[in-house]
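What you see is a predicted model, and the numbers here were worked out from it, not measured in a lab. In listed order, ligands and their atoms are each counted from 1. Keep in mind that the numbers below use all heavy atoms, side chains included, and drop hydrogens, waters and symmetry copies.
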Amino acid sequence: MFRIIKNAPDLYVGDMIVYFVRQAAKGGPISTNGKIQAIIDRAYSVGDFLGREGETLLHYPETQIGNQKYTKRMLVIGMGKEDACHDLFRRAGGTVATSAMKTKSKKILVVLPEFVDFDKADMAQSLTEGITLGVYTFKKYKTKEDPDELIGNLKEVGLYATDPVAARQGMKQGRLAASASCVVRDMANEPGNLWTPASFAEYAEGLAKKYKFKLKTLSENDMKKLGMGGILGVSQGSVNPPKMVILEYKTSGKRTPTLLLVGKGLTFDTGGISLKQPLGMEDMKYDMCGGAAVLAAMQAVGELKPKRLNIVAIVPAAENMPGPAALKPGDVIRQYGGKTVEVVNTDAEGRLILADALAYGIEKYKPRTVIDIATLTGAVIIGLGHHRTGLLSNNDELAAKLAAAGEKSGEPLWRLPLGKEYTKMLKSEIADMKNVGKREAGTIVGASFLQEFVGDTAWGHLDIAGTAWNFTEKSYCAKGPSGTGARTFIEYIREWL
Ligand code: BES
Ligand code: ZN
Ligand code: ZN
């Protein structure tokens with residue numbers, strides 16, 4: 001869909017040409033193009049267009065003068081006066097996308113703003129991400145078009161920049177990152193009846209074939225032999241058997257460190273016997289967004305092929321259902337590695353499936369670093385709202401790197417503490433620990449449960465319950481699943497390319 005255009009934008013013939021302007025402190029918006037500035041000035045003087053972020057000015061130039069043809073539409077997008085950052089360009093890209101969809105444009109040219117002091121490759125990357133994510137729709141199960149809904153018709157986006165080399169490099173990175181987020185959205189949008197634990201295994205098989213990853217899928221029987229009582233317990237009320245999906249990317253180096261990624265792949269969370277209330281329960285098909293983010297990150301790993309890092313991805317995939325065979329409150333299970341857990345609340349199931357995956361992955365692959373990602377606690381929404389992912393870690397350096405990667409990717413994180421006082425809240429009378437504390441500090445207590453299974457390994461935990469969907473809507477992030485996590489992982493592993 002994207003290409004770099006080197007010809008002068010004035011001569012562009014297509015459905016739309018897009019320029020950006022900043023909101024100047026005094027004297028109206030600015031543009032380097034005189035003809036456009038005159039139009040902007042007129043709109044500015046009547047008060048219709050001030051260059052504020054997200055404002056748009058659509059103009060219909062003459063499409064033919066003599067033999068010379070011109071573009072059908074000209075769009076000017078305001079970028080406000082806030083300091084430039086990656087997300088400003090991502091949001092600008094999102095506005096390009098919505099405008100293109102509204103006008104049903106198929107072929108557009110986007111002129112990179114030269115007057116903004118910002119790395120041009122990063123600018124092209126963020127714009128590409130914003131446009132790709134902004135035109136994303138999921139219409140697979142619609143049998144007819146809805147006139148009230150926007151549809152993505154965009155086939156060709158040209159990027160015009162005075163530094164085409166940097167722009168091309170950024171465009172490639174942007175395409176890669178955005179396509180990973182779209183893969184997460186695609187999986188998340190699938191309903192619970194059509195995306196089951198087996199679907200995770202099938203998807204991973206496709207990745208393994210395409211990128212020559214090693215794939216191991218543990219079946220229910222394998223899990224029984226290994227003693228993975230957490231994931232077995234959670235899924236014992238379901239007719240869809242659980243899967244533990246393991247993908248390995250290995251470099252040839254001997255002393256290469258290993259990164260372990262673990263994502264919660266709960267394909268539907270009813271709460272089990274501790275049944276959730278019906279209102280909004282349909283959203284619990286999104287309880288697999290962590291697993292989706294991990295597989296999408298592996299797709300990017302397959303493309304990027306880091307030279308100095310081995311990566312293992314594990315998705316414990318299961319469905320949490322009530323039923324005659326389901327776990328009951330008070331049941332005691334034995335996690336991988338032997339720890340016993342009193343399951344006081346069957347709705348705190350994510351930690352049970354993650355614990356097996358973490359303990360197994362750490363024992364088997366001896367990673368230097370482990371990062372897990374999960375829609376783990378409703379409490380993170382109380383703490384951070386839908387604006388930031390919860391970050392918990394036993395390692396300051398890792399926490400700082402993850403926070404930086406999240407910020408740059410437009411997936412901001414916020415760190416919460418861990419500590420003995422929280423771990424103590426999981427004390428059980430009859431087993432090694434309970435799976436829930438009281439209501440207080442729910443996100444920290446959930447993470448503290450996981451911490452019991454990572455030992456001394458540097459570990460980061462991303463609680464995306466507030467950000468995986470219902471995310472603060474942005475121009476490039478419409479209603480529905482956001483695809484969060486994948487871009488943060490991609491940014492995080494750049495260090496080892
Ligand atoms: N999948 C949910 C967490 C969740 C809740 C995600 C709301 C997104 C929105 C998780 O399995 C869960 O139910 N957690 C419980 C834990 C509690 C019982 C300690 C919760 O948050 O209520
Ligand atoms: Zn639950
Ligand atoms: Zn859950």
Is any side-chain heavy atom of V312 less than 4.5 Å from a side-chain heavy atom of P367? no
If you draw the axis of the six-membered ring of Y136, does the NZ or CZ of R185 fall within 45° of it and under 6.0 Å from the ring centre? yes
I'd like to know if the side chain of T137 and the backbone of K139 have a donor-acceptor N/O pair within less than 3.5 Å. no
Would you call M281 and L275 a side-chain contact if the rule is heavy atoms closer than 4.5 Å? yes
Between the Zn ion (ligand 3) and D347, is there an N, O or S atom separated by less than 2.8 Å? no
Nearest to atom 2 (C) of ligand 1, what protein heavy atom do you find, and at what distance? D269 OD2, 3.6 Å
What protein heavy atom is closest to atom 16 (C) of ligand 1, reported as residue, atom name and distance in Å? R351 NH2, 3.8 Å
Evaluate the ring planes of Y249 and F213, with Trp represented by its six-membered ring, and classify them as parallel (under 30°), tilted (30 to 60°) or perpendicular (over 60°). perpendicular
At a 4.0 Å cut-off, with the gap strictly under it, does some heavy atom of R439 reach an atom of ligand 1? no
Residue D269 atom name (nearest to the Zn ion (ligand 3); N/O/S): OD2
Would you tell me which option among A465, S274, G466 has the nearest heavy-atom contact to atom 6 (C) of ligand 1? A465
Quick one: does W469 get a heavy atom under 4.0 Å from ligand 1? yes
Between Y286 and W469, what is the ring plane arrangement, given parallel below 30°, perpendicular above 60°, and tilted in between? tilted
Please identify which atoms of ligand 1 are closer than 4.0 Å to at least one heavy atom of E349. 11 (O)
Return the residue, atom name and 0.1 Å-rounded distance of the protein heavy atom closest to atom 18 (C) of ligand 1. N345 ND2, 3.3 Å
Min N/O separation G378 to ligand 1 under 3.5 Å: yes
Specify whether the nearest protein heavy atom to atom 13 (O) of ligand 1 is under 4.0 angstrom away. yes
Residue and atom name of the nearest protein heavy atom (relative to atom 19 (C) of ligand 1), distance in Å to one decimal: V436 CG1, 3.5 Å
Does K264 bring an N, O or S atom to within less than 2.8 Å of the Zn ion (ligand 3)? yes
Are N310 and T256 close enough that a side-chain donor and a side-chain acceptor fall under 3.5 Å? no
Would you say that Q299 contacts Y211 through its side chain, given a criterion of any heavy-atom pair below 4.5 Å between the two side chains? yes
Do side-chain atoms of D463 reach the backbone of L376 as a donor and acceptor pair under 3.5 angstrom? yes
Between K438, K276, M284, M288, which one has a non-hydrogen atom sitting closest to atom 7 (C) of ligand 1? M284
Looking at E145, I want to see if its CD is surrounded by more than 12 non-hydrogen atoms of other residues, nucleotides or ligands under 6.0 Å. no
Of all the N, O or S atoms in D287, which one sits nearest to the Zn ion (ligand 3)? OD2
Looking only at N/O atoms, are D347 and ligand 1 under 3.5 Å apart anywhere? yes
What N/O/S atom of E349 is the closest to the Zn ion (ligand 3)? OE2
Measure the NZ-OG1 distance between K264 and T375 for me, rounded to the nearest 0.5 Å. 4.0 Å
Verify whether the ring centers belonging to F200 and W195 lie closer than 6.0 Å. yes
Is there any N or O on T377 that sits under 3.5 Å from an N or O of ligand 1? no
Of all the atoms in ligand 1, which lie at a distance below 4.0 Å from a heavy atom belonging to K264? 1 (N), 10 (C), 11 (O)
Which residue and non-hydrogen atom of the protein lie closest to atom 10 (C) of ligand 1, and at what distance in Å? L376 O, 3.3 Å
